[in-house]
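See below for the structure under consideration.
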Amino acid sequence: AARKRLATEIMGEAATKPVKIRGLVCPRWRAEEHPAAHLLREYAETGCPVDVGEDWTLEQLEAAVEKGPHVSALEDDAIDQIQVEAREKETQGFARIYKWAWRSNGKPLSRGMGSAKTPPTPTMT
């Protein structure tokens with residue numbers, strides 16, 4: 001709600017105007033005047049070329065969980081915001097949220113679950 005109010009304050013009605021392009025990089029408002037706006041629009045329409053690396057092994061995931069998050073991510077407001085954003089991304093089709101118990105099936109977490117338009121962003125809970 002706070003982000004929506006701030007965006008509306010800055011951008012006016014354009015902040016809540018529906019966008020037909022499904023993507024996170026679609027330039028709007030003043031960003032449309034940027035020299036790279038055409039490139040961002042192309043990425044929004046056709047996908048953004050990325051290399052996200054190899055799939056993580058179960059051992060790599062367990063090591064990351066054991067190490068834990070950066071100290072700044074442990075603040076209550078940061079935890080709340082991360083959870084809100086993760087759920088938004090899942091609702092928008094840009095992420096899947098996995099319960100940590102998924103690992104009992106022994107299968108690696110595949111990054112190949114999306115296309116260039118919908119890159120996966122796994123989040124463990």
Discussion item. Working to the nearest 0.5 angstrom, can you tell me the gap between Thr91 OG1 and Ile97 CD1?
Written reply: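 Separation between the atoms: 8.0 Å.
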Discussion item. Please check if the number of heavy atoms outside Asp76 that lie under 6.0 Å from its CG is greater than 12.
Written reply: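 For Asp76, atom CG is not crowded (no more than 12 foreign heavy atoms under 6.0 Å).
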Worksheet item: Closest approach of Ala73 and Ile79, non-hydrogen atoms and distance?
Response: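 Heavy atoms only, the tightest pair is O-CG1, 3.3 Å.
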Worksheet item: Distance only, no hydrogens: is a donor on one side chain within 3.5 Å (strictly under) of an acceptor on the other, for Glu88 and Gln92?
Response: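 No - no donor-acceptor pair under 3.5 Å links their side chains.
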Worksheet item: For the hydrophobic clusters of this structure (ILVMFWY residues joined by side-chain heavy atoms under 4.5 Å, transitively), does one cluster hold both Val65 and Leu61?
Response: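 Per the 4.5 Å side-chain linkage, Val65 and Leu61 are co-clustered.
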